[in-house]
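Report on the following structure.
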Number of protein chains: 2
Amino acid sequence: MIKTQVEIDKAAMLLKLLGDKTRLTMMKILDTHDCCVCEFVEIFKTSQPSISQHLRKLRDVGLVKEERRGQWIFYSMNKSNEYYSFIQQVINQLPDQNYHLKELEEKGTRITCC
Amino acid sequence: MIKTQVEIDKAAMLLKLLGDKTRLTMMKILDTHDCCVCEFVEIFKTSQPSISQHLRKLRDVGLVKEERRGQWIFYSMNKSNEYYSFIQQVINQLPDQNYHLKELEEKGTRITCC
DNA sequence: TTACTATATAATAATTTACTTATATATTCA
DNA sequence: TGAATATATAAGTAAATTATTATATAGTAA
């Protein structure tokens, strides 16, 4: 179910989630590409547990999905989430972040398995 | 100047600001009505300093303006702020919050000075 | 099997946030 | 002028958030 209006409590909760540069960038990237944890670790140059914890928060409210592919776990946007259209209104206004993936490709560390 | 795209850092900062139920509701109300501090105090049933501090954060980034009218200080949306259109995309998706003002009017505590 | 890689989770520490209490300033009104 | 009202700010505190370190689990590959 897609909402055109979001209760104020839910909206505040979602905006707080997006109000972090790491998570916001993740969401922008995931809107167009699936990504595995180790790629995010490289993109954000932070620790793996930190990335996992950010992803967990996004997953806990159903904004993203996870799926194992071989040894990797790929995250993807959950476009059937009831708040996806709300989220989309925000991320559509953000500049493209796919240069991060380009950088991984150039370094040869982009994971394109399965 | 109105931006159609907002840098990711700025966007995260703005979303964090909006990611609080009190501030988000304030912004939704201010988008259609000016409001003074004591009205917010009554609406949110919290302390006056707490309200002032929330308003200060919104004012510090230029999202709202303040203006003294007699003994009251009225806050209003700064619609010429460069991030207003970004903000608007968010608050347009929120349910109307003007019932709060209706309640004040019914109680006779709505301030309509000057 | 053993070693290695990828990921999650738990525990902890550091930082940030939001609220409260106390107080200062500005305005109005008697 | 003095009292009352409206607001801002400072200081302190409690709660929430984020990152780190340590460790556990699961898959892969020798």
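The figures that follow rest on heavy atoms only: side chains count, while hydrogens, waters and symmetry mates do not. Convention: sequence-line order gives letters A, B, ...; per-chain numbering from 1. In this text the structure is predicted, and so the values were computed from the model without any measurement.
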Determine: side-chain N/O of B:Y75 to OP1/OP2 of D:dA6, distance under 4.0 Å, yes or no. no
For the pair made of CE in A:M13 and C1' in D:dA16, what is the distance, rounded to whole Å? 16 Å
Does a donor on one side chain sit under 3.5 Å from an acceptor on the other, for B:N78 and B:S80? yes
Rounding to a whole Å, what distance do you find between B:L17:CG and C:dT17:C1'? 12 Å
Starting from P on D:dA6, measure out to CZ on B:F74 and report it in whole angstrom. 11 Å
For the pair made of CZ in A:R69 and C1' in C:dT5, what is the distance, rounded to whole Å? 18 Å
Could you pull out all residues at least two apart from B:E7 that satisfy side chain to side chain contact (heavy atoms under 4.5 Å, CB included)? B:K3, B:K10, B:Y83
Do the non-hydrogen side-chain atoms of A:R59 and A:Y75 ever get within less than 4.5 Å of each other? yes
State, with a plain yes or no, whether a side-chain heavy atom of B:D31 is found less than 4.5 Å away from one of B:K79. yes
Considering only heavy side-chain atoms of B:W72, the closest of C:dA6, D:dA6, D:dT18 is D:dA6
Closest to the B:R59 side chain: C:dT9, C:dA18, D:dT9? D:dT9
Touch class at under 4.0 angstrom, heavy-atom based, for B:K21 against every strand present: nothing
Just checking, is any N or O donor in the side chain of A:S52 or A:Q48 under 3.5 Å from an acceptor N or O on the other one? yes
Of A:R68 and A:K57, the one whose nearest nucleotide on DNA chain D sits closer to the 5' end is A:K57
Interatomic distance, B:D60 CG vs C:dA18 P [rounded to whole Å]: 13 Å
Within residues 31-49 of chain A, the residues having a heavy atom closer than 4.0 Å to DNA chain C are A:C36, A:V37, A:C38, A:Q48, A:P49
When you measure from the side-chain N and O atoms of A:R23 to the phosphate of D:dT18, is any distance below 4.0 Å, counting only OP1 and OP2? yes
Rounded distance in Å - NE2 (B:H54) to P (C:dT17): 12 Å
Would you kindly give the CZ-to-P distance between A:R56 and C:dT7, to the nearest whole Å? 16 Å
Can you list everything that forms a side-chain hydrogen bond (donor to acceptor under 3.5 Å, both in side chains) with B:Q5? Sequence neighbours excluded, please. none
For the residue pair A:C38 and A:T109, establish whether any side-chain heavy-atom pair is separated by less than 4.5 Å. no
Rounded to whole angstroms, how far apart are CD1 on B:I51 and P on C:dT21? 15 Å
Per B:Q53 side chain, nearest of listed nucleotides C:dT9, D:dT7, D:dA11: D:dA11
Just to confirm, is there a sub-4.0 Å distance from OP1 or OP2 of C:dT17 to any side-chain nitrogen or oxygen of A:K16? no
